[in-house]
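Here is the structure we will look at.
Both counts, for ligands and for their atoms, begin at 1 and track the order of listing. Below, all heavy atoms of this structure are taken into account, side chains as well, without hydrogens, waters or symmetry copies.
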Amino acid sequence: MATKKKTTAAPKKAAAPKKAAAPEKKVEQAPADEAKAKVKSAAQAAESKTDKIKGKGVIAGVAVGRILLAGQNLDSFLVNYKAGTVEEEKKKAADALVKVAEALQNNIKKFNDQGLKEQAGILEAHRMMVEDPAMSGAIDEKLEASGSAPKAVLDAYESQAQVFEAMEDEYFRGRAVDMRDVGKRIAKYLLGIKEPEIVGKVIVAGTEIEPSVIAGLPTDKIAGVILGAGSTTAHAVIIAKTRAIPTVVGVGEGIKKMADGDPAILDGETGEILIRPNDEERAFYDEKIKKQEELKAYYATLKTLPAKTQDGQEVILAANIGSPNDVDAANGFGAHGVGLFRSEFVFMGKSDVPKEEDQFKEYKAAVEKCNGNLCVIRTMDIGGDKPLPYIQVDKEENPFLGYRAIRISLQRKDLFMPQLKAILRAGVFGKAAIMFPMVINVKEFLDAKQFVEDAKMELAHEGKDFAQDVQVGIMVETPAAATMAPVLAKYVDFFSIGTNDLVQYTLAVDRGNAQISYLYNHFNPAVLRLIKRTIESANAEGKWAGMCGEMASDPNAAILLMAMGIKELSMSAPSIPRVKERIRNFTFTRAKEILAEVMEMEDGDKIKEYLTNLK
Ligand code: PEP
Ligand code: MG
């Protein structure tokens with residue numbers, strides 16, 4: 001195949017819509033500078049060379065497509081914009097807010113009709129950011145200074161984005177992108193810029209990727225995602241994860257080596273990216289894709305089969321979700337219900353506490369979609385490092401050990417009661433469970449449980465339907481809870497082990513610190529002992545123990561955990577087939593032998609290596 005060097009056209013020149021074509025052999029030029037590029041193309045083809053970039057593979061799979069750069073530079077448009085009087089500009093901005101909200105609403109409906117729930121959900125959050133009355137006030141204020149409606153819109157949303165960016169929690173920092181995205185969408189409307197036309201499959205790439213770029217594209221058009229930033233909880237990555245779109249993050253300056261329309265290959269497992277690959281490289285990856293398709297077809301055959309070992313030991317494989325829409329994708333991977341609904345997502349992107357009624361709708365939708373399987377809803381895990389505008393938390397030295405999660409809920413009846421009532425009411429429509437995060441002692445659990453009883457009393461008094469038999473359990477994600485598991489097990493209905501935090505608290509290793517990530521190992525013997533103790537304590541009291549931390553999606557861990565007596569593993573849905581395959585190819589007897597050996601070992605890295613090399 002004839003490949004070429006990067007076109008001389010300015011990759012981010014925004015005037016002409018960019019085309020991204022199917023990965024055929026013929027390479028399309030970016031329309032701008034097309035004639036110039038044609039003259040040079042023969043010489044370029046001769047000296048063609050692949051650009052290789054390496055990032056961190058976060059969602060496995062090989063993707064082939066044309067690069068679509070997210071993040072359009074509006075500077076030249078802003079310079080050429082002819083502003084009217086301040087009053088005229090205010091009117092233009094107000095009209096733009098209405099028009100953009102309408103356009104979003106149309107797209108939300110379109111996506112809902114097509115069953116593309118994640119996309120619809122994200123655009124819904126964006127619509128709320130457009131309609132937020134605080135933002136129109138902020139735009140008017142900025143207009144007094146700049147005199148230009150599009151500039152004022154960009155400034156207002158930028159200021160709000162910076163508020164998000166200053167937060168310590170990676171997830172909330174990621175929401176800054178949404179804010180900028182919305183601002184840009186409105187500014188583009190004011191500047192008369194049309195969205196690019198997409199032809200064929202694309203690999204969306206950007207230092208930061210605006211969620212609307214992904215949310216605005218049909219899933220079958222997105223082959224892969226490349227993120228310059230290292231965030232694994234960016235909205236773009238979250239959508240990619242629920243849709244199993246191969247993704248590489250953390251490529252940094254590598255983004256600069258790509259231009260719109262460049263043919264590219266991405267390997268979401270190794271983190272390798274090839275820009276303008278040659279024939280030989282294409283052939284290598286074609287082979288990989290063939291194997292990937294075979295594996296996908298094989299995984300599809302597992303969808304309705306139980307996660308059962310060859311000698312009959314079964315475990316429930318459930319999904320972690322952040323919104324009811326995620327359950328649809330999870331069901332597609334054969335999930336049996338939801339083991340963790342991170343309800344704090346329901347509280348985000350809003351200017352005020354969501355009302356009981358609004359929460360009820362969200363929880364009910366999730367419960368119903370679980371089709372009779374259990375839906376475990378975790379009460380909000382916010383505060384400290386995850387501040388919300390409507391929850392006052394003083395600056396803390398150490399937010400991970402601060403005022404957060406159940407500690408806030410127990411002090412804020414005004415937040416806790418509506419949430420509990422909403423979950424209890426949702427329980428009427430299927431099987432719901434309530435789970436408290438960050439519990440460290442029996443008293444916290446009993447106090448929280450008392451709130452559940454009070455919530456039931458209030459609902460009865462108000463004459464609202466609710467489920468009496470909702471299970472009430474806790475996350476075991478602190479060493480205190482794991483140590484006290486034999487006692488806590490007497491009170492709770494279930495445990496769900498949150499290894500993301502349990503590992504960081506047990507080993508004193510920040511879960512987000514790349515410099516010490518070599519120490520962050522769920523097979524560390526200290527962690528394994530706490531997990532084993534937790535599971536055995538639950539079983540001894542006739543309760544069930546599950547796991548909803550990332551460890552649950554590790555097929556090798558699944559073997560050990562089953563041998564310890566775990567009953568449920570909850571994970572991001574695309575991991576389900578891999579874990580199920582491992583379980584179905586194992587025997588419980590062998591798993592117990594392996595567990596016995598592992599519990600004798602002293603070093604976490606050796607345990608990991610031993611399990612990786614197991615046949
Ligand atoms: C965990 O700590 O393992 C967990 C699932 O909770 P989160 O990742 O939301 O802290
Ligand atoms: Mg946690």
Side-chain angles (χ1 to χ4, degrees), residues 58 167-175 231-234 237-238 241-242 317-323 326 330 335 337-348 375-388 398-409 433-440 444 473-482 485 494-513 517 520-524 527-528 530-531 534-535 545-554 557-558 561 566 568-573 575 579:
V58 287
M167 296 177 179
E168 283 189 43
D169 180 78
E170 192 192 357
Y171 180 84
F172 281 77
R173 274 204 312 275
R175 300 293 70 76
S231 170
T232 52
T233 48
V237 180
I238 290 172
K241 213 167 198 174
T242 55
L317 299 186
N320 291 353
I321 62 161
S323 82
D326 295 342
V338 166
L340 170 64
F341 181 169
R342 289 182 163 101
S343 74
E344 55 272 19
F345 285 42
V346 175
F347 287 71
M348 289 167 25
C375 181
V376 180
I377 302 169
R378 177 174 76 180
T379 60
M380 55 181 186
D381 184 7
I382 50 180
D385 65 323
K386 298 180 192 173
L388 288 180
N398 210 337
F400 270 115
L401 307 180
Y403 182 51
R404 58 178 306 162
I406 194 68
R407 300 168 188 183
I408 292 188
S409 294
I434 296 172
M435 176 159 77
F436 304 127
M438 297 290 297
V439 168
I440 59 163
E444 277 179 340
I474 62 166
M475 299 270 305
V476 175
E477 53 185 342
T478 63
F494 65 92
F495 287 147
S496 183
I497 304 169
T499 47
N500 304 344
D501 279 320
L502 186 62
V503 173
Q504 81 161 346
Y505 291 135
T506 304
L507 304 179
V509 174
D510 183 340
R511 65 195 250 188
N513 186 335
S517 62
Y520 189 95
N521 178 3
H522 50 238
F523 292 122
N524 181 295
V527 175
L528 287 182
L530 287 178
I531 291 172
T534 303
I535 297 170
M547 177 176 283
C548 59
E550 281 300 306
M551 182 180 186
S553 63
D554 177 343
L561 295 164
I566 206 142
E568 176 240 40
L569 296 167
S570 188
M571 62 202 81
S572 66
S575 299
V579 172

Quick one: does ligand 1 sit under 4.0 Å from the side chain of [X], the backbone, both or neither, non-hydrogen atoms only?
X: R378; answer: side chain
X: I497; answer: neither
X: D501; answer: both
X: M475; answer: side chain

For I408 against I382, the heavy-atom pair lying closest together: CD1-O, 3.4 Å
N or O contact, T499 vs ligand 1, cut-off under 3.5 Å: yes
Please check if the side chain of [X] supplies one atom and the backbone of [Y] the other of a donor-acceptor pair under 3.5 Å.
X: Y520; Y: N500; result: yes
X: S570; Y: A319; result: yes
X: E344; Y: D381; result: yes
X: S496; Y: M475; result: no
X: S323; Y: V346; result: no
X: R342; Y: N320; result: no

Sub-4.0 Å heavy-atom approach of M551 to ligand 1: no
Worked check of side-chain contact (heavy atoms from CB on, under 4.5 Å) between E477 and M438: CA-CA 6 Å; E477 53 185 342; M438 297 290 297; 3.7 Å; yes
Neighbouring protein N, O or S atoms of the Mg ion (ligand 2), below 2.8 Å: 2
Distance filter under 4.0 Å to E477 heavy atoms, resulting ligand 1 atoms: 1 (C), 2 (O), 6 (O)
L340: numbered ligand 1 atoms lying under 4.0 Å from its heavy atoms: 5 (C)
Rounded distance (nearest 0.5 Å) linking atom CZ of F341 with atom CG of D326: 8.0 Å
Interatomic distance, R378 atom CZ to I321 atom CD1 [nearest 0.5 angstrom]: 11.5 Å
